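Please read the structure below before turning to the comments.
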Amino acid sequence: MDNLLRINHSSQPVVGRFAPSPTGPLHFGTLLAALGSYLLAKASGGSWLLRIEDLDPPRVVAGAAEDIIRLMEQLGFEWDGVVLYQSQRYERYLQVLEQLRNQGRVFDCCCSRREILASAPHSGEEAPVYPGTCRNGIRRDRVERSVRLRVSNESIVFQDGIFGTQQQNLEAEVGDFILHRADGLFAYQLAVVVDDIDTGVTQVVRGADLLSSTPRQIYLYNCLNAAVPEYFHLPLAIGDNGKKLSKRHGQIGSVTRENGVTMLWRALEFLGQSPPNGLLCLSAGELLRWGVENFHPDLIPKRNSRISFSES
Ligand code: GLU
């Protein structure tokens, strides 16, 4: 009980969510985000939403959203309300972009990625910091490509429920960032914040690869005058090649109806919950219920670790 009190420190009921991108079949890394967000929301009596992040049509794989939803159902996950699809929310994102424009917070930008890279030759593999080229208007011979949010020179500090205090200076480390892309699509940073605000999400639980996006999102919450949710970033499962386990690993780590119980069991174990071996004979739904009833958030490891599926 002590743990649960600490998860939900405000008096508001928790609203959590799982927001997969339908770019392929469900894999272990995404299952961790589903399970972690479900346990944190349900163990404190909260609700849990499902949102399909099909914002980027070229990356969406036909049928993947339906497959993920069906599998979530088969594994016993129960979400509240209807499934939200980002592809149906273009008008809403546009409305928020216009609101930010009216507040003077965004500006048109004509820079290509190549030009920004050329201005920051030492940025290595990291996305280069935007040097502010179009902040005060675009050059006369150029056309606008994207829309950026003007950031300020202050540190965004937040408390992550797993990784502790985090801090980032947006101006120095990121620069003014894109909300509306050159290809006409809205950026993930804008869509995720608008969706979470509109659906009343109070608790964001997702993989630690998104830790560095969180300060940008908190900044957007502040610009929109909305309450910032609490954040829990989960440790990442690292594949045999030393990289975050993802759909790029193909079949390795993919979750199916057949291996669902084993994968859920391994996800509980990965999140530090030590499920007894005997639970492997339960159904997925029963195992999930065991997870909620026996959940100890303090046991979630604070570092990424390797996982191998060769024997499963
Ligand atoms: N759609 C993102 C993903 O599948 C998650 C975004 C989020 O949870 O904020 O990695």
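Computed from a predicted structure; not experimentally measured. Read the numbers this way: they start at 1 and go in the same order the structure lists the ligands and their atoms.
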Can we call the ring centroids of F177 and Y130 under 6.0 Å apart? no
Is there a donor-acceptor contact under 3.5 Å linking the side chains of T262 and N259? no
Which label fits F28 and F270: parallel for a plane angle under 30°, tilted from 30 to 60°, or perpendicular past 60°? perpendicular
Distance only, no hydrogens: is a donor on one side chain within 3.5 Å (strictly under) of an acceptor on the other, for Q95 and R92? yes
Residue part near ligand 1, for L210, under 4.0 Å between non-hydrogen atoms: side chain
Ligand-side contact atoms (ligand 1) for residue partner R206, heavy atom cut-off under 4.0 Å: 7 (C), 8 (O), 9 (O)
Just checking, is any N or O donor in the side chain of N294 or Q273 under 3.5 Å from an acceptor N or O on the other one? no
Taking 4.0 angstrom as the limit and counting only heavy atoms of Y188, give me the atoms of ligand 1 inside it, by number and element. 6 (C), 7 (C), 9 (O)
Classify the side-chain pair Q159/T165 by whether it contains a donor and acceptor separated by less than 3.5 Å. yes
Should you measure from each heavy atom of V192, which atoms of ligand 1 turn up under 4.0 Å away? 9 (O)
For E53, the atoms of ligand 1 under 4.0 Å from one of its heavy atoms are 1 (N), 2 (C), 5 (C), 6 (C)
Any N or O of A19 that comes nearer than 3.5 Å to an N or O of ligand 1? yes
Applying the side chain to side chain contact (heavy atoms under 4.5 Å, CB included) test to T214, which of Q189, Q168, H233 qualifies? H233
Residue S21 vicinity, atoms of ligand 1 by number, heavy atom under 4.0 Å: 1 (N), 2 (C), 3 (C), 4 (O)
Does ligand 1 have any atom that is closer than 4.0 Å to a heavy atom of F18? no
Check each heavy atom of R17 against ligand 1 and say whether those closer than 4.0 Å belong to the side chain, the backbone, both or neither. side chain
